[in-house]
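In what follows, every chain begins at residue 1, and chains take the letters A, B, ... in the order their sequences are listed.
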Amino acid sequence: MDPAERRELVSRYTQEVVTEEELADVFAREDPRAYIGYAPTGEMHIGHFTTIRKLADFLRADIEVTVLVADLHAHLDDEKSPFELLDARSEYYRAAIEAMIETTEADADRIEFVRGREFELEEPYTLDLYRMMADTTISRAKRAGSEVVRQSDNPKLGGLVYTLMQSLDVAALDADIAYGGIDQRGIYMLARELLPDYGREKPVCVFAPLLSGLSGGNMSASDPGSKVSLTDSREEVRAKIDDAYCPMGEVEGNGVLEYVRYLVFPFLEERGEPFRIERPEEYGGDLSYESYERLEADFVSEDLHPADLKSAAGEHIADLVAPVRERLLEAPDLLQSAYPDNYE
RNA sequence: CCGCCCUUAGCUCAGUCUGGCAGAGCAGUCGACUGUAGAUCGACUUGCCCCCCGUUCAAAUCGGGGAGGGCGGACCA
């Protein structure tokens with residue numbers, strides 16, 4: 001595969017690559033590796049799904065992929081996950097991620113899973129961490145993590161150490177590319193700044209867009225209606241999409257359109273199917289789209305009405321979620337022990 | 001170790017001085033208007049007032065004890 005093709009695979013459906021030049025260099029290296037980390041906190045949802053599906057692109061581009069289940073981070077960030085639940089949640093995250101990967105044509109066995117504590121407690125790592133703590137100011141660490149770490153009036157030290165550890169993770173996992181949502185930007189910019197001081201390579205960063213929530217604004221952990229959950233039934237998915245904020249002709253902040261763009265189209269493209277929309281004769285009859293761009297154009301010109309988009313989007317998203325949901329419900333004890341309060 | 005402050009609806013908080021039906025904003029739910037949603041309008045819902053004991057006809061409110069959180073001081077031989 002030629003480098004231009006590989007570069008296109010890696011950077012498609014992303015928001016930013018830092019930097020394109022350095023990315024080109026990565027392909028010249030032996031066995032380049034990308035990594036993405038997830039802190040096993042709340043239940044996984046459709047937002048995670050988009051970043052995980054994209055891992056298939058890295059593999060296609062012949063880049064090895066490491067998925068970090070960052071258990072210590074889950075606790076360091078304001079104890080989002082209680083210490084006793086880290087094992088259970090790490091297990092659940094891994095199972096959910098595998099289930100999501102299996103909805104792609106990628107070979108899940110090519111993805112290496114690592115749990116944070118497997119390497120974050122080793123001496124060389126710890127030594128570097130202490131050195132970083134010694135020469136990073138509190139305000140620098142705070143700024144780096146401000147989009148990721150929970151903010152409060154009485155922040156704990158953990159949130160600060162969090163950003164340093166994540167910076168170090170990149171090097172410890174031997175990653176050439178750090179991949180994550182654009183909210184991770186601050187932390188990886190700190191990593192790029194810091195790592196060279198410790199004789200490490202600074203990573204190329206690939207950032208996925210953060211999808212808007214369905215109720216307007218961002219997806220919110222506390223608002224189930226703002227996002228599709230991996231355990232939502234077809235009916236629940238339909239209902240959530242149907243209730244979603246979706247102003248006619250407006251692209252900005254339109255969660256439904258973003259789901260279609262970053263989730264449904266990649267999924268359909270992989271299968272070589274168009275996006276079909278059933279529409280009553282009264283409004284012009286059925287539609288079919290080969291590309292997102294054409295669909296968006298019709299939406300902007302208001303030739304495609306939100307109600308018709310929603311019903312089709314709901315079905316496609318439900319199709320996508322169904323196999324993951326099935327896998328998760330096959331092992332209900334995973335969810336039960338990870339989230340005892342939600343599953344009695 | 002000592003002192004002071006805070007804890008009330010899902011969230012942010014008022015109410016405590018001076019005891020008398022548990023409140024507001026936001027959020028949420030339901031209608032109306034829209035070929036979706038939102039916005040707008042109309043209606044509705046929301047409680048271990050941190051816990052225990054006491055005083056009182058009556059305690060979120062007063063007294064005592066405790067828990068959790070915050071702030072400060074002291075110690076630094």
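With a cut-off of 3.5 Å on both Watson-Crick or G-U wobble distances, the partner of B:A37 is given as none. With a cut-off of 3.5 Å on both Watson-Crick or G-U wobble distances, the partner of B:C48 is given as none. In this structure B:C17 sits in no base pair that meets the Watson-Crick or G-U test at under 3.5 Å. Shown here, B:U55 forms no base pair; nothing in the strands shown gives a Watson-Crick or G-U wobble contact with both key distances under 3.5 Å. Using Watson-Crick or G-U wobble geometry with both donor-acceptor distances under 3.5 Å, B:A67 finds its partner in B:U7. With a cut-off of 3.5 Å on both Watson-Crick or G-U wobble distances, the partner of B:U29 is given as B:A43. When both distances must be under 3.5 Å, the Watson-Crick or G-U wobble mate of B:A24 is B:U12. In a base pair of the Watson-Crick type (N1 to N3 plus N6-O4 or O6-N4) or a G-U wobble (N1-O2 and O6-N3), with each distance short of 3.5 Å, B:A74 is matched with no nucleotide.
Mapped onto RNA chain B by nearest heavy atom, A:Ala307 and A:Asp223 fall at different nucleotides, with A:Asp223 at the one closer to the 5' end.
The residues A:Arg117 and A:Asp71 are annotated as salt-bridged, a charged nitrogen and a carboxylate oxygen being separated by less than 4.0 angstrom. A salt bridge is defined here as a Lys NZ or Arg NE, NH1 or NH2 lying under 4.0 Å from an Asp or Glu carboxylate O, and A:Glu98 with A:Arg94 meets this definition.
The aromatic rings of A:Phe265 and A:Phe275 sit parallel to each other, their planes meeting at less than 30°, with 60° as the upper class boundary.
Atom CG of A:Leu157 sits in a sparse spot, with 12 or fewer heavy atoms from other residues, nucleotides or ligands closer than 6.0 Å. Atom CD of A:Glu278 has 12 or fewer heavy atoms from other residues, nucleotides or ligands within 6.0 Å. Around atom CG of A:Asp303, more than 12 heavy atoms belonging to other residues, nucleotides or ligands sit under 6.0 Å away.
If you check distances only, the side chain of A:Asn154 never reaches the base of B:G69 with a donor-acceptor pair under 3.5 Å.
Of the residues in residues 276-306 of chain A, those with a non-hydrogen atom less than 4.0 angstrom from any atom of RNA chain B are A:Tyr283, A:His305, A:Pro306.
Using modelled atom types and a 3.5 Å distance limit, the side chains of A:Asn218 and A:Ser212 yield no donor-acceptor pair. Side-chain polar atoms of A:Tyr125 and A:Asp169 form a donor-acceptor pair below 3.5 angstrom.
Spacing of C1' atoms, B:C13 relative to B:A9, comes out at 11 Å, to the nearest Å.
Between A:Glu193 and the options A:Lys202, A:Arg200, A:Arg140, a salt bridge (Lys or Arg N to Asp or Glu O under 4.0 Å) holds for only A:Arg140.
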*Let me have a per-nucleotide readout for nucleotides 37-46 of chain B, 5' to 3', with B, S or -, counting only protein heavy atoms under 4.0 Å.*
BS--------
